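Working notes, beginning with the structure itself.
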Amino acid sequence: MLASVRTCALKGIDGFEVTVEVDISSGMPTLSVVGLPDAEVKESKDRVVAAIRNSGFDFPLKRITVNLSPAELRKSGTQFDLPIAAGILAASGALSEQAVKKLENLLLLGELALDGTLRPCAGVLPMLISTKPKDYTAVIAPDNLLEGRTASVPFITPRTLRDLADWLEGKKADEAVQITYIPPAQEEAPVLLDFSDVKGQTVAKRALEIAAAGGHNVLMIGLPGTGKSMLAKRFPYILPPLSEEEALEITKIYSVCNLVGKTVHLLTQRPFRDPHHTVSDVALIGGGTNPKPGEVSLAHNGVLFLDEFAEFSRATLEVLRQPLENGQVTISRAKETVTYPARFTLLAAMNPCPCGHLGDPHKPCTCTPVQISRYRSKISGPLLDRIDLTVNLNPVAYGDWNKNSEGESSSQIRARVIAARKRQEIRFQGSGTTANAFMTQKQIKEFCPLPQGADAILEAAMRKFGLSARSLDKVLKTARTIADLEGKEQIENVHLIEVLQYRPLDRKGVPDL
Amino acid sequence: MSISTQERLARIRVNAFLYFRADWLTRLIDIFGSAEEILKQNADTLVREAQMNPATAAHFLKDAFSVNPKEELEKTEKYGGRILVPEDAEYPQSLRQLKEAPIALYVLGSLPKENQACIGMVGTRKITPYGRRAANTLAEGLAQAGAVIVSGLARGIDSVCHAAAVRQQKPTVAFIGTGIGRCYPAENRDLARAILKHGGAIVSELPFNKPPHAFHFPRRNRLIAALSEIVVVVEGEEKSGALITAKLALEQGKDVLAVPGPIDSPQSRGPNRLIQDGAGVVTCVKDIIDYIPEPELFKLQTPPDAKTQADEREKKLTDVQKRVWQHIGSGQVTADQLVEELGLSVPQAAAVLFELEVKGLLTSEAGLYGKSKF
């Protein structure tokens, strides 16, 4: 006999509908799954057999063929256990005709334990959102309940395979069907880590405020223990709150990676990812035989913090160039190509020199200029070009540390950031640009006219600091953000001068001529 | 007096033997009458006639024939330089009078004239902010007064002194510890180019492509001392190249001056010791100029007194710049400190630091700003 059941599979962070066809015919007892299943789908056979038997059904000792259609797309994930089991029950006649009919209106997603319990699987949210099954009810594991609610589709959450069969047979009431719509996005995410905890480092805080306001990437250079990671961890809380759309995007990515907790509907905090410097390029960018999002995508709409920036392998750092440029990652494998969103703010931190003491008032640096230059050259030019703000952190003097005056709180800073973002939103309306950092050449020309006297400043900066013509664009974009923070229509000279304070890493370390 | 081309080529060969002091090489030329004649000898005659040890004689011949003098000349000329021997008129008189006068001198650029006062400025490679300030102020003042700074193009004090002269677009002479076909340290390549551009010279007695070796540096120090009227030691540890130069200068009968420094700074131990031993104390450019023997030869313009100059400079500063300048004192500050301690806003602090740095009054490294002048 033949039965077909609906389920879903993932491609990137989007789902597509899959029909599971089950045919049972006489012959040698086998169970074969066709339709480009991945390893975890093939393993599903053994789980299904055990789950069916342990749920009190007879497993048909016949020739069973399972086809996953469309057959040309690769399928991975453990959500196929439930649909395959249900399909076998339907095809073998273990379910009544009325139950089989009901089954046709279901979309099943779930992994099975050997005793028939439904277990959660990855990617439920994106699969439900992209297929939006209007006419049918989704069946998901109780642990995926919140993701089902977020997707706002009708669904039921049977505990076991047996429960599902009972429901199909009408032995359980229909009230198990739930639909809950997404609650409106939270007004303001709570500040868990506050900038006022960090003593001193006013300049670095200001640089981070500018970065938050204009979407700029930041490189912090400083001695160990000057507060680089402390500042970085507080950075997400001065970013504007997530819009509903952004929150959904993040939640989808985390769902694909099976990282959405059991207690949240929607991730409302901007993500903060800080991979260790030994991270592989695949872990950073995403990929693998069955492509999975990498750290850059997990940091989407949030912050990617790379501590010990110069210790990352050069090849690993270079893969950051595409997401920094396009805000997404395209992973091409022989069999498929997937795209993950990856628009994040890069915060990088490094020591000023290999020994770590350059600029330390108490301990002399023992590095030669050549060593320093070699250390800094680990960060390639094209990558540095994508970093708009470079800030030096020096040890805080005891007097400053001991000061009673609290610095500004994160919510004060965030208020200014939000206001600056509003101005940009109005400015870039309809152009696709979201923040100053992403302005095109044409927009720079339009929105960043040089004030009077700016030529002299920029000329002096080029002569004295060896600023390249190429980095002038970055100066203009960043100056635009400072002007936005101050509510000014036009860029002024003070804004330009302030940006020049955050000029890029000097790679040569010789007296200027 | 001039010498034949053949003899010049032979001198370049003899000069390549670095394990003899220059005066021994000169003695060798005297014994055989000419460098050409030496090269005609075999190891045995060298041992017999010049009392050389057989191993040394073999080594000498090997080294002498390992260089190709024609190629040396060609390469030097390609760089726009020349190889001088003491018989050449351009060969500096002060070096010619030296007992250990180099028998060949590779020169790029132009050497100072007789009526230009040469001041040797030497010091540590591990420069402190104080040393940077002192070296920069003094070298700049000397260059403005019309003196030629002579130093060794090493890291630290040497580079700061050369750079100060170059910024004034004044000539400066670098005696380097490699052949003139190389630049050591490599990061000073731009500085070397700038020296040549502004009428200075890069000089070495080593074969064109000789890489740096520890023993090259003390050896070239005698040339710094010889070309200079006086030698100023800015900073230096107790056993340093700077003190070797000072010792050589004293042996050559030159005056040695020292810039006093903090008693707890290892880099000031050298000059402070020199002062204990009787060296002149330098507090300003005038102190140095006053020490020059026969000053009427050089027509140096005595610069305004350092304090007057500093006052002048300070007068031109705006109020907030003045506050920052005074706050920096003799130390270093970060932009953060200006914000915390002077109550400036971040943009204000940025503006002041930018303006002072563009004026050349401050230097910054890794976020620390220090004065580049007194």
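The chains referred to below are lettered A, B, ... by the order of the sequence lines, with proteins before strands, and numbering in each begins at 1. Bear in mind the structure is a predicted one, so any value in this text is a computation, not a measurement.
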Worksheet item: Given that the side chain runs from C-beta out, which part of A/Gln501 has a heavy atom under 4.5 Å from chain B: side chain, backbone, both or neither?
Response: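 When you check distances to chain B, only side chain atoms of A/Gln501 fall under 4.5 Å.
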Worksheet item: Is chain B contacted by the side chain of A/Ile482, its backbone, both, or neither, given a heavy-atom distance below 4.5 Å?
Response: neither
Region of [X] in contact with chain A, defined by heavy-atom distances below 4.5 Å:
X        : value
B/Ala351 : both
B/Ser364 : side chain
B/Arg155 : side chain

Worksheet entry | Name of the residue among B/Leu344, B/Leu338, B/Thr334, B/Val346 meeting side chain to side chain contact (heavy atoms under 4.5 Å, CB included) with A/Thr202 | B/Val346
Discussion item. Which one wins on heavy-atom pair count under 4.5 Å against chain A: B/Pro185, B/Pro347, B/Ala164?
Written reply: B/Pro347
Give the minimum heavy-atom separation between [X] and [Y], together with the two atoms involved.
X        : Y        : value
B/Glu357 : A/Lys464 : O-CE, 3.1 Å
B/Val358 : A/Ala460 : CG1-CB, 3.8 Å
B/Ala335 : A/Val203 : CB-CG2, 3.6 Å

Fill in: A/Asn394 and B/Leu368, any side-chain heavy atoms less than 4.5 Å apart
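Sidechains of A/Asn394 and B/Leu368: in contact.
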Please check if the number of heavy atoms outside [X] that lie under 6.0 Å from its [atom1] is greater than 12.
X        : atom1 : result
B/Lys322 : NZ    : yes
B/Lys359 : NZ    : yes
B/Arg273 : CZ    : no

Worksheet item: Counting heavy-atom pairs under 4.5 Å to chain B, which of A/Leu500, A/Ile497, A/Val499, A/Leu496 comes out on top?
Response: A/Ile497
